[in-house]
Amino acid sequence: MSTNIATKGIRTQAIHGGEEKRKRSTSSAPDLVMSSTFHVDREVSFSANKIEDDAPYVYTRWANPTTDQLEAKLSVLEQAEASIAFASGMAATSGVLLGHLSAGDHVVMSETNYPGTAEVARHTLDRFGIAMTPVDTTDPANVQNALRAGTRIVWIETPSNPLLNIADIAAIAAIAHAHGALLVVDSTFATPVATRPLALGADLVVHSLTKYIGGHGDAMGGSVSGSKELLAPLRSEALSHFGGVISPFNAWLIMRGIATLPLRMREHAASAMAVAEFLEQHPRVETVIYPGLTSHPQHALAAQQMDNFSGMVSFRAADGKAVAKRMMAELEVIHYAVSLGHHRSLIWLLSTDDLAESSYGLEGEALARYRAIAGDGLFRFSVGLEDAADLIADLDRVL
Ligand SMILES: Cc1ncc(COP(=O)(O)O)c(C=O)c1O
């Protein structure tokens, strides 16, 4: 097949990208190679520190032909020189942080983001002598003001979990680079269909593949994309030594999911808009956050930075805890469950007290800022691919 996949449309890239790398058989679909070890017919080092680009497959914790294809497909979609797949989004996140930071370094991070990321940054990094300053990354000036000697990484999540805040990737990349720091973007909510952070100046892009990219709620995975130079220490250390490798079976499932990613994202966004508009006029709903709504405070930036507003809608409802109880018992189509980005709709109430205390450590003005939007709790609704009318009827009944 054509090797000039970079010139093709995103739907063609999602289907064929990376698959030209397959050399092992004549199958049309990617081969699933579950072998943990490989016949080797030439001398190779036994150290993960010395894996060369043209090394044969030796051991699946270092490299595997199925996982290679997923990584190549992700590189096509993110317009990246290279990508590494991990066992989960958190394995990718902790791999980047522990792979690129050392004792004495400093990180600037969005003050609200995926709670697992926030907890690693606040608790784990602290144990290793790495400091983190949380800031409201909706204003790039806050990032500028938080930089200090030793700031090595600026970490943003856009749109962010669960407030759907947008961070200006290009502006923050310029600020980070002027200081000699790397910009890492967790682009899980956006997907490469909406935003290509590397093209906007980011150095590394992180995804939870468990979400939209895999898309079907049946395989955990994570990824990091960027330059070969920045990924090299992650491949030998974070991947091979920390050991958070993806199962080739999950890589294969996620690759199959990616084939329909552009089509799925179009439908996720269309239904999310319909649901957001329904919620906005509902008398029991107090706040609706969706980047595609003109009422979103950063709608203009979202429209500029995203080609698709994705499928996440956050909202606050009167008597939220009672609504959540009704959801658990009475929803017919939507699942009351964590996670997001699947073809099935998923909803979850994120309690403000819980998040503010255990994950974000929000206090004072930062807590007031979060509470002004989220109240006592925010429903995070991952709008799936069912008929939008059925989703709206389900919500209407429990509200
Ligand atoms: C934005 C974001 N990043 C990272 C993660 C972690 O991914 P995983 O659950 O695959 O470890 C999540 C999970 O919800 C997420 O929402």
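Just follow the structure's listing: the first ligand is 1, and inside any ligand the first atom is 1. All values below come from the heavy atoms of this structure, side chains included, with hydrogens, waters and symmetry mates left out. Just so you know, residue 1 is the first one in the sequence shown, and it goes up from there.
Using a non-hydrogen distance threshold of 4.0 Å, K211 registers as a contact of ligand 1.
Salt bridge present: R371 and D353 bring a charged side-chain N and a carboxylate O closer than 4.0 Å.
Under the 6.0 Å cut-off for aromatic ring centres, W348 and F379 do not qualify, their centroids lying 6.0 Å or more apart.
Using a 30° and 60° split on the angle between ring planes, F278 and H282 fall in the perpendicular class, above 60°.
For the pair D186 and ligand 1, the shortest N or O to N or O distance falls below 3.5 Å. Any N or O atom pair closer than 3.5 Å counts here, and T117 shares no such pair with ligand 1. Close N/O approach between G89 and ligand 1 is found [any backbone or side-chain N/O within under 3.5 Å]. Looking at S208 next to ligand 1, an N or O pair under 3.5 Å apart turns up. Inclusion of F189 in the set of residues having an N or O under 3.5 Å from an N or O of ligand 1 is not warranted. By the 3.5 Å distance cut-off applied to N or O atoms, T93 is not counted among the residues near ligand 1.
L399 CG to I392 CD1: the interatomic distance, rounded to the nearest 0.5 Å, is 11.5 Å. For the atom pair L163 CG and N113 CG, the distance stands at 10.0 Å (nearest 0.5 Å).
Linking ILVMFWY residues whenever their side-chain heavy atoms come closer than 4.5 Å, directly or via other members, leaves I254 and L32 in distinct clusters.
Interface of E157 with ligand 1, defined as ligand atoms under 4.0 Å from a residue heavy atom, comprises 1 (C). Counting the atoms of ligand 1 from 1 in the order shown, those under 4.0 Å from a heavy atom of G221 are 10 (O).
Among all protein heavy atoms, the one lying closest to atom 11 (O) of ligand 1 is M90 N, 2.8 Å. What sits closest to atom 5 (C) of ligand 1 on the protein, heavy atoms only, is Y114 CD2, 3.5 Å. Distance from atom 16 (O) of ligand 1 to its nearest protein heavy atom, with residue and atom name: N161 ND2, 3.1 Å.
Between the side chain of H268 and the backbone N or O of L385 there is no donor-acceptor pair closer than 3.5 Å. Judged by distance alone, with hydrogens and angles left aside, the side-chain atoms of E386 form a donor-acceptor pair with the main-chain N or O of S345 at under 3.5 Å.
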